[in-house]
> 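Have a look at this one before I ask anything.
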Number of protein chains: 4
Amino acid sequence: MTPLSEEQLEKKRHDRKIQILAAAIKVFAENGIKLTKISVIAKEAGISHGLLYHYFQSKEEVLHASLEWATAGTNELFDEITRHDFSALEKIRHFTKIALSEGNSDTFRVIQHVMRAKDLVLEVTNDLIEKQGSVYIKQLLPLFSQAQADGEIIEDDPQELLALFLTVITGILMEGDQEYWSHNLDHKVNLILRMFTAR
Amino acid sequence: MTPLSEEQLEKKRHDRKIQILAAAIKVFAENGIKLTKISVIAKEAGISHGLLYHYFQSKEEVLHASLEWATAGTNELFDEITRHDFSALEKIRHFTKIALSEGNSDTFRVIQHVMRAKDLVLEVTNDLIEKQGSVYIKQLLPLFSQAQADGEIIEDDPQELLALFLTVITGILMEGDQEYWSHNLDHKVNLILRMFTAR
Amino acid sequence: MTPLSEEQLEKKRHDRKIQILAAAIKVFAENGIKLTKISVIAKEAGISHGLLYHYFQSKEEVLHASLEWATAGTNELFDEITRHDFSALEKIRHFTKIALSEGNSDTFRVIQHVMRAKDLVLEVTNDLIEKQGSVYIKQLLPLFSQAQADGEIIEDDPQELLALFLTVITGILMEGDQEYWSHNLDHKVNLILRMFTAR
Amino acid sequence: MTPLSEEQLEKKRHDRKIQILAAAIKVFAENGIKLTKISVIAKEAGISHGLLYHYFQSKEEVLHASLEWATAGTNELFDEITRHDFSALEKIRHFTKIALSEGNSDTFRVIQHVMRAKDLVLEVTNDLIEKQGSVYIKQLLPLFSQAQADGEIIEDDPQELLALFLTVITGILMEGDQEYWSHNLDHKVNLILRMFTAR
DNA sequence: AATGAATGAGGTTTCATTCAT
DNA sequence: GATGAATGAAACCTCATTCAT
């Protein structure tokens with residue numbers, strides 16, 4: 001039989017890689033970086049650990065690639081948000097809902113894990129995380145300032161407000177009970193935003 | 001030298017244990033349960049790892065005992081709070097400040113670590129954590145209800161409000177930048193409480 | 001395209017095998033048996049490792065076949081030498097030069113590698129090596145004896161002399177700096193032969 | 001019971017280290033660097049592999065330390081040789097005998113293995129080897145020059161003669177049949193030296 | 001009580017070999 | 001024939017735990 005065409009092979013490789021990266025983000029989010037066993041990622045992806053090493057050189061590379069892949073997805077989020085014709089506060093609310101809704105939490109959690117174990121992680125991965133963190137700030141800070149100008153959130157150092165906001169979001173995501181949070185989400189988001197919203 | 005009396009010996013043994021447990025809580029909080037090495041706890045306590053096994057049977061026992069010891073400390077916190085002649089909201093505010101102020105975070109963090117890795121931990125330790133969690137709820141829920149009755153926090157399912165509150169507190173403590181939080185603490189606590197306070 | 005005839009197919013198959021065996025000898029010589037990866041042999045031969053297994057059953061078979069092929073080549077060397085109308089010492093000198101000149105060393109080196117790791121190698125391969133060793137002895141020993149009879153090399157147990165000679169040759173070949181040895185080869189050969197030559 | 005005194009402990013540690021280093025040199029010499037399993041060194045030393053890692057950080061460190069230890073021994077050899085009131089040729093002969101006699105070969109062989117796999121080895125280890133190589137040259141080259149001046153070895157570039165000499169010695173040592181060589185050693189050494197000796 | 005030597009189970013990574021295409 | 005995806009045994013190294021001193 002003839003071997004697969006170059007194109008078919010490339011697609012298969014690509015699919016497999018995505019499959020591994022998705023499994024990796026999930027498992028890394030659950031167990032942290034160091035405690036995640038390559039064998040568990042492989043099992044989650046439904047392959048042998050040997051095959052995983054066919055696609056990636058090391059655990060560190062799996063981590064880096066999975067974060068690259070996952071953050072790319074996150075960034076689309078902002079594109080979507082800014083496309084809408086919402087007020088600044090509405091955009092913050094929208095971001096909060098999406099961040100807290102099921103399925104989007106793994107990436108945040110892995111980032112959090114990396115930040116707590118910077119020395120166990122490649123330099124490039126730390127850079128990636130830092131860059132990603134600044135994406136959040138760069139995108140959200142103007143929204144906070146604008147919402148203040150609109151009189152929708154309280155007068156205070158917007159950087160401080162944003163820092164508190166991100167800490168709270170991150171804390172909730174780290175907590176892990178996503179099912180609980182996806183329940184009655186609108187209401188919970190409103191409560192969180194009450195931290196900043198003008199009365 | 002005269003040998004120590006039975007009583008003195010017992011006291012010395014007890015002090016040693018406390019010394020180890022304090023070291024353990026600190027190191028467990030920093031690194032998580034599984035990633036904490038017995039040797040690091042021993043070093044933090046200023047003893048050899050061999051001696052640690054003289055006082056405790058296993059890492060799991062160290063974890064359990066350190067949590068028992070630390071949560072006992074936490075419980076005194078409530079005694080202190082309820083002694084004051086504060087309003088319910090003031091008591092919540094007081095609790096929040098103490099929880100977030102430097103030095104008190106380790107216990108929360110270890111509890112959080114345990115909850116995220118329940119299967120790596122003894123049944124009794126999980127029970128202890130659960131009981132401790134219910135202590136918070138048992139102590140704080142009446143305060144939330146009372147504050148509602150006082151019209152100081154919003155009308156809403158108090159259980160939900162408490163859950164959100166605890167998640168946010170926990171999230172902040174897990175974030176780890178305690179120095180940042182001890183700065184301008186009153187203001188930050190006010191912002192957090194705005195989630196619930198009536199306007 | 002017309003399909004290849006049976007005979008052409010056979011030839012093509014044979015050529016492929018030779019191509020693999022030549023690559024194998026080269027790579028085995030360079031890295032030793034165990035450290036040589038099948039994938040590297042395949043790459044050297046310009047094929048995929050999968051195809052290599054189409055022609056040979058296992059790494060051990062590749063080793064065996066490559067040695068069979070290479071030693072057959074070596075044996076032609078003796079035919080050539082004995083055809084010349086040289087004195088015994090001249091024949092020994094000729095053999096030495098050819099053995100040390102670039103390109104002929106790989107076989108010696110692989111043999112040497114096998115002899116140092118007899119237990120990692122098939123019985124039949126060990127037999128092959130042993131037989132090949134005895135070829136050298138069978139061919140060279142008469143030359144040494146004759147050269148003694150001619151008074152060209154010293155009186156001594158010719159077996160001992162031969163053993164020393166082969167050890168020295170092998171040692172030089174294992175050393176690996178073939179470029180150095182191909183330089184001013186005649187002179188170096190003379191020095192080596194001085195071990196035995198009568199004054 | 002009281003723990004061992006500092007001094008006793010230090011001695012025990014030192015003895016164990018030597019025991020491991022001796023085992024390591026032997027096993028490295030036999031199997032090469034990469035193929036030597038840490039578990040085999042440990043077994044040869046009569047300990048568990050875990051304990052080996054109690055004394056050394058890594059396989060690379062074992063290799064380095066064992067070479068340091070073994071070459072220190074080799075260097076004493078030259079001290080001993082130069083103390084004698086021998087002629088230059090006699091000193092060369094003495095060196096040759098000692099190098100070829102049983103027990104001294106392992107170090108040479110490990111060095112040889114390292115030189116053939118420079119990229120698998122720490123920079124410092126390569127430096128150590130290089131330095132050791134230059135020790136041989138620095139010590140032996142004057143002896144060759146002197147022996148020429150004495151008319152005991154032939155006129156030729158002494159560097160070339162030394163290179164040939166070292167290659168031959170190394171080759172013999174790599175060959176591995178030390179038992180054979182220790183037999184009738186004087187005679188064999190004489191044959192080897194005939195490569196250079198004036199007639 | 002006190003130390004640190006000693007053990008071995010378990011996690012990461014490599015590579016010979018098989019198999020689907 | 002031809003490719004490279006897929007598997008799993010085996011090797012290095014870490015660390016909880018035990019034990020001799």
Side-chain angles (χ1 to χ4, degrees), chain A residues 1-6 8-10 12-13 15-16 34-42 46-62, chain B residues 4 9 12-13 16 34-42 47-62, chain C residues 3-4 9 12-13 16 34-42 46-62, chain D residues 1-6 8-10 12-13 15-16 34-42 46-62:
Chain A
M1 273 171 266
T2 34
L4 292 177
S5 76
E6 183 65 30
Q8 287 171 310
L9 212 51
E10 186 49 48
K12 194 174 179 189
R13 271 188 81 79
D15 290 352
R16 262 277 189 259
K34 186 76 178 292
L35 291 183
T36 290
K37 306 176 215 168
I38 226 66
S39 63
V40 173
I41 297 179
I47 61 173
S48 70
H49 68 271
L51 185 55
L52 189 149
Y53 279 94
H54 194 72
Y55 289 95
F56 300 97
Q57 304 268 348
S58 66
K59 186 173 162 178
E60 283 189 329
E61 194 190 314
V62 174
Chain B
L4 295 175
L9 268 175
K12 199 177 166 199
R13 196 177 160 79
R16 246 309 142 72
K34 187 75 182 293
L35 291 182
T36 290
K37 302 177 214 172
I38 272 300
S39 63
V40 172
I41 297 178
I47 61 173
S48 71
H49 68 270
L51 186 54
L52 188 148
Y53 276 92
H54 205 78
Y55 290 94
F56 300 97
Q57 303 273 344
S58 66
K59 185 173 164 178
E60 284 189 327
E61 195 190 315
V62 174
Chain C
L4 295 175
L9 267 175
K12 200 178 166 197
R13 196 177 161 80
R16 249 305 145 73
K34 188 74 181 291
L35 292 182
T36 290
K37 304 177 214 170
I38 272 301
S39 62
V40 172
I41 298 178
I47 62 173
S48 71
H49 66 271
L51 186 55
L52 187 149
Y53 276 91
H54 205 78
Y55 290 94
F56 300 96
Q57 303 271 345
S58 67
K59 185 172 162 178
E60 283 188 327
E61 194 190 316
V62 174
Chain D
M1 272 171 267
T2 34
L4 292 176
S5 76
E6 184 65 29
Q8 287 171 309
L9 212 53
E10 187 48 49
K12 194 174 178 187
R13 273 189 78 80
D15 289 352
R16 263 277 190 260
K34 187 76 178 292
L35 291 183
T36 290
K37 306 177 214 170
I38 226 66
S39 63
V40 173
I41 297 179
I47 62 173
S48 70
H49 70 270
L51 186 56
L52 188 148
Y53 280 96
H54 194 74
Y55 290 94
F56 300 96
Q57 304 268 349
S58 65
K59 186 172 159 179
E60 282 189 329
E61 194 188 315
V62 175

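The sequence lines fix the lettering, A, B, ..., with proteins before strands; numbering per chain opens at 1.
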> What distance do A/R13 atom CZ and A/H54 atom NE2 have between them, rounded to the nearest 0.5 Å?
5.5 Å
> Can you measure B/K34 atom NZ to F/dT14 atom P for me and round it to whole angstrom units?
16 Å
> So, taking the atom named OH in C/Y55 and the one named CZ in C/R16, what distance separates them when rounded to the nearest 0.5 Å?
5.0 Å
> Output the rounded distance in Å from CD (A/E10) to C1' (E/dT21).
17 Å
> Applying side chain to side chain contact (heavy atoms under 4.5 Å, CB included), can you list everything that pairs with A/E60, at least two apart in sequence or on another chain?
A/S58, A/L122
> For a quick check, with a 4.0 angstrom heavy-atom cut-off, what is the B/S/- contact string for nucleotides 4-9 of chain F, read 5' to 3'?
BBBBBB
> D/K37 side chain: which of F/dA11, E/dT13, F/dT14 is closest?
F/dA11
> Measure the spacing between CG of B/L52 and CD1 of B/I38 and express it to the nearest 0.5 Å.
5.0 Å
> Can you tell me how far apart OG (B/S39) and NE2 (B/H49) are? Round to the nearest 0.5 Å.
7.5 Å
> OH of A/Y53 to NZ of A/K59: how many Å apart, nearest 0.5 Å?
8.0 Å
> Can you check the D/L35 CG to E/dT14 P distance for me, whole Å?
16 Å
> Quick one: side chain to side chain contact (heavy atoms under 4.5 Å, CB included) partners of A/S48, sequence neighbours excluded?
A/L51
> How long is the line joining CD of B/E60 and P of F/dC15, in whole Å?
18 Å
> Between C/I38 (CD1) and E/dT14 (P), how many Å, whole number?
18 Å
> Please report, rounded to the nearest Å, how far the P atom of F/dC15 is from the CD atom of D/Q57.
11 Å
> Would a distance-only check, ignoring hydrogens and angles, find a side-chain to backbone donor-acceptor pair under 3.5 Å from A/K34 to B/K34?
no
> Tell me whether the OP1 or OP2 atom of F/dC13 has a side-chain N or O from D/Y53 closer than 4.0 Å.
yes
> To the nearest 10°, give me the bend of the helix from E/dA2-F/dT21 to E/dT21-F/dA2, comparing the axes of its five terminal pairs at either end.
10°
> State which residues pass side chain to side chain contact (heavy atoms under 4.5 Å, CB included) with D/F56; sequence neighbours excluded, sorted by chain then number.
D/K17, D/I20, D/L21, D/E61, D/V62, D/A65
